[in-house]
Enquirer: 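My structure is below; once you've seen it, I'll send some questions.
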Amino acid sequence: SHLCAEAFEPAPTELYDCLRNGMNKREAGQSLVEMTFGLIVLLILLMGILDLGRLFYFLVALRNAAGEGAVYAAINPSCQTAADGPACADPDNVEYRVKHESPSGLVSWEQATVAVETPANATEGDPITVTVTYNYTLLTPFVQALVNGGVLPLRVVARQNILTEP
């Protein structure tokens, strides 16, 4: 039986000394191993939560960018890219507006692709659709193993009605 259990109402300092000295090296090693496993699990959970937070941030940024592009496309449906003519030079085109809506450094806008869909013979009131796709790379190693290549393809769609004649 343990020596501290036999003591009858020891003073607080005596109890501390008794408990500290009563732990043998084997128990201390076991505690260290248990704490290490616990910290590893906690670290993996924390990295997963950070990945989810980043994913949410990316989705919000992509949604805002697609919305900005759709609004610009509704006002200027003929300027989808800078190649659509001199009146569509940067910053006066949908692709530029999408890729420069959020200037933060977290989203690498060079990796984003922008597609604009306009109905044939579009007129005022017809829908115009802006689709932004992005390959989001996960950071957490165990989650990467669950997802194909550690990359989640994100796709955001925004629609507006054309407000001016193309």
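These numbers were taken from a predicted model, which means no experiment stands behind them.
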Enquirer: For the side chain of Asn64 and the backbone of Ala61, is there at least one donor-acceptor N/O pair under 3.5 Å apart?
Expert: no
Enquirer: Which heavy atom in Ala87 sits nearest to a heavy atom in Asp92, and how many Å separate them?
Expert: O-CB, 3.6 Å
Enquirer: Between the main-chain N or O of Glu101 and the side-chain N or O of Trp109, is there a donor-acceptor pair closer than 3.5 Å?
Expert: no
Enquirer: Report yes or no: does Tyr134 contribute a side-chain atom to a donor-acceptor pair with the main-chain N or O of Leu152 at less than 3.5 Å?
Expert: no
Enquirer: In the structure I gave you, are the side-chain heavy atoms of Val147 and Leu138 within less than 4.5 Å of one another anywhere?
Expert: yes
Enquirer: Within this structure, what is the CG-OG1 distance for the pair Asn161 and Thr123, rounded to the nearest 0.5 Å?
Expert: 10.5 Å
Enquirer: Examine distances only and state if a side-chain atom of Tyr136 and a backbone atom of Leu55 form a donor-acceptor pair shorter than 3.5 Å.
Expert: yes
Enquirer: Can you tell me how far the CD1 atom of Ile44 sits from the CG atom of Leu39, to the nearest 0.5 Å?
Expert: 11.0 Å
Enquirer: Would you say the side-chain atoms of Asp51 pair up with the backbone N or O of Thr140, donor to acceptor, closer than 3.5 Å?
Expert: yes
Enquirer: Could you tell me the separation between the CG atom of Leu163 and the CD1 atom of Ile128, rounded to the nearest 0.5 Å?
Expert: 10.0 Å
Enquirer: Go through Thr118 and Gln80 one step at a time and tell me if the side-chain hydrogen bond (donor to acceptor under 3.5 Å, both in side chains) criterion holds.
Expert: CA-CA 10 Å; Thr118 309; Gln80 297 176 7; 3.1 Å; yes
Enquirer: Can you name the nearest heavy-atom pair linking Tyr57 to Leu106, along with the distance?
Expert: CE2-CD1, 3.6 Å
Enquirer: Supply the atom-to-atom distance Arg54 CZ to Leu59 CG, rounded to the nearest 0.5 angstrom.
Expert: 11.5 Å
Enquirer: Looking only at heavy atoms, what is the nearest atom pair of Cys88 and Thr81, with distance?
Expert: CB-O, 3.5 Å
Enquirer: Distance check, rounded to the nearest 0.5 Å: Ile75 atom CD1 versus Arg97 atom CZ?
Expert: 8.5 Å
Enquirer: Quick one: do Tyr96 and Val156 end up in the same hydrophobic cluster if we chain Ile, Leu, Val, Met, Phe, Trp and Tyr together by side-chain heavy atoms under 4.5 Å apart?
Expert: no
Enquirer: Can you tell me how far CD1 of Ile49 sits from CG of Leu46, rounded to the nearest 0.5 angstrom?
Expert: 6.5 Å
Enquirer: Any chance CZ of Arg63 has more than 12 other-residue heavy atoms, nucleotides or ligands included, within less than 6.0 Å?
Expert: no
